[in-house]
There are 2 protein chains.
Amino acid sequence: MKNKHGSKRALTRNQSLVFEALRKAKNPVGAYELLDQLREHGLRAPLQIYRTLDQLIELKIVHRLESLNAWTLCCDAEHDSTPVFAICNDCGIVTECFDENISSNIQKISKRSGFVADRSVIEIHGRCDQCETSQG
Amino acid sequence: MKNKHGSKRALTRNQSLVFEALRKAKNPVGAYELLDQLREHGLRAPLQIYRTLDQLIELKIVHRLESLNAWTLCCDAEHDSTPVFAICNDCGIVTECFDENISSNIQKISKRSGFVADRSVIEIHGRCDQCETSQG
DNA sequence: ATAGGTATTGTTATATTATAACGATTCTAT
DNA sequence: ATAGAATCGTTATAATATAACAATACCTAT
């Protein structure tokens, strides 16, 4: 099994467990919520979760949402560019999107001051289409 | 005394204490670090700090950096638009900047999917000019 | 100016999120 | 098979944040 980014290895047991838990979840999930869900599968300590999440991030198949202290699967798209997350305040759903312009704007902003960007956190809070239309 | 956004009230004692502590700091400061600094001035409990920070954010004179769990003064500029923070991994310095394009891109991205944006978190991590040039 | 209601503030306790330290296990190259 | 390196499990604890309620300050109408 290869992951979508061409890494050779299959996921470890812990990685699969966490990955599947995230896949089943509709929304981003916190570390302790994952721990609760995975206790029955033998994960007992927070560090097991945190370490596994770090690994999945390293593999580029999971993202951390900084403003939620929660994690979510990466969308299917291969991307090296900065993802933009739209986070609904009402239903909590998070949509990952991309925008060439934003990426290049960030490059521009930072270059302007000699700053060399490394990683960007872009999280938009608001109301998703569905929540917006369904109940005013 | 008016603040820069035209609010009528002077800052309360707690607000002034926290504001000054942030002003003196070179970099963003965490809540418990503020608490430690302000204990001698009578602030004893975390909530006193957290509440005051919320108030200062409400007044638009302080920002929270989500990816640092820390707070910093708002730059002098009046702005309603989304600030972009450039955060140096080395020296920790944070620069607040603006970019019309980013703001409008975010509008576009979100509108594209019917999302109504509310507040945006944009935090770029990397290396500042000074750190970049000074030690390769 | 004062009583009665409303807001804010202080305090205690506790919840939530994350990491340090170290021993046990597994992996890898010989 | 075995030594060294890397990973993993476990215990303990650190760091960050909030709930609940009592005490105080503050309006506002009289």
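Below, read A as the first sequence line, B as the second, and so on, with proteins coming before strands; counting in each chain starts at 1.
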Legend entry - 4.5 Å side-chain heavy-atom contact, B:Leu59 and B:Gln15: yes
Legend entry - Pairing partner (Watson-Crick or G-U wobble, both distances under 3.5 angstrom) of C:dT19: D:dA12
Spacing of [X] atom [atom1] relative to [N] atom [atom2], expressed in whole Å:
X: A:Asp36; N: C:dA15; atom1: CG; atom2: P; answer: 14 Å
X: B:Leu59; N: C:dT8; atom1: CG; atom2: P; answer: 12 Å
X: A:Asp54; N: C:dA18; atom1: CG; atom2: P; answer: 10 Å
X: B:Glu66; N: C:dT17; atom1: CD; atom2: C1'; answer: 14 Å
X: A:Asn69; N: C:dA15; atom1: CG; atom2: C1'; answer: 13 Å
X: A:Leu11; N: D:dT7; atom1: CG; atom2: P; answer: 15 Å
X: A:Glu33; N: C:dA18; atom1: CD; atom2: P; answer: 13 Å
X: A:Leu17; N: D:dC8; atom1: CG; atom2: P; answer: 13 Å

Calculate, to the nearest 0.5 Å, the distance between atoms [atom1] and [atom2] belonging to [X] and [Y] respectively.
X: A:Ser67; Y: A:Phe85; atom1: OG; atom2: CZ; result: 10.0 Å
X: A:Lys108; Y: A:Ser110; atom1: NZ; atom2: OG; result: 11.0 Å
X: B:Ile57; Y: B:Thr52; atom1: CD1; atom2: OG1; result: 11.0 Å
X: A:Ile106; Y: B:Ile124; atom1: CD1; atom2: CD1; result: 4.5 Å
X: B:Glu123; Y: A:Glu66; atom1: CD; atom2: CD; result: 7.5 Å

Legend entry - Torsion-based syn/anti label for C:dA7, 90° from 0 as limit: syn
Inset, instruction - Run through A:Leu73, A:Thr72, A:Ile61, A:Asn27 and flag the one making a side-chain contact (heavy atoms from CB on, under 4.5 Å) with A:Leu22. - result: A:Leu73
Legend entry - B:Tyr32 vs D:dT16: side-chain N/O to OP1/OP2 distance below 4.0 Å: no
Polar atoms only, N or O, under 3.5 Å: list the protein pairs with nucleotides 22-25 of chain D and their distances.
none

What's touching nucleotides 9-11 of chain C from the protein side, N or O pairs under 3.5 Å?
{"unit_1": "C:dT9", "atom_1": "OP2", "unit_2": "B:Gln55", "atom_2": "NE2", "d": "2.9"}
{"unit_1": "C:dG10", "atom_1": "OP2", "unit_2": "B:Asn14", "atom_2": "ND2", "d": "2.7"}
{"unit_1": "C:dG10", "atom_1": "OP2", "unit_2": "B:Gln48", "atom_2": "NE2", "d": "3.0"}
{"unit_1": "C:dG10", "atom_1": "O5'", "unit_2": "B:Gln48", "atom_2": "NE2", "d": "3.3"}
{"unit_1": "C:dG10", "atom_1": "N7", "unit_2": "B:Arg51", "atom_2": "NH2", "d": "2.2"}
{"unit_1": "C:dG10", "atom_1": "O6", "unit_2": "B:Arg51", "atom_2": "NH1", "d": "3.2"}
{"unit_1": "C:dG10", "atom_1": "O6", "unit_2": "B:Arg51", "atom_2": "NH2", "d": "3.1"}
{"unit_1": "C:dT11", "atom_1": "OP2", "unit_2": "B:Arg44", "atom_2": "NE", "d": "2.9"}

Inset, instruction - Determine the interplanar angle of the B:Tyr50 and B:Trp71 rings, folded into 0 to 90°, and report it as parallel if under 30°, tilted if 30 to 60°, perpendicular if over 60°. - result: perpendicular
Legend entry - Donor-acceptor contact present, side-chain B:Asn89 to main-chain B:Gly126, <3.5 Å: yes
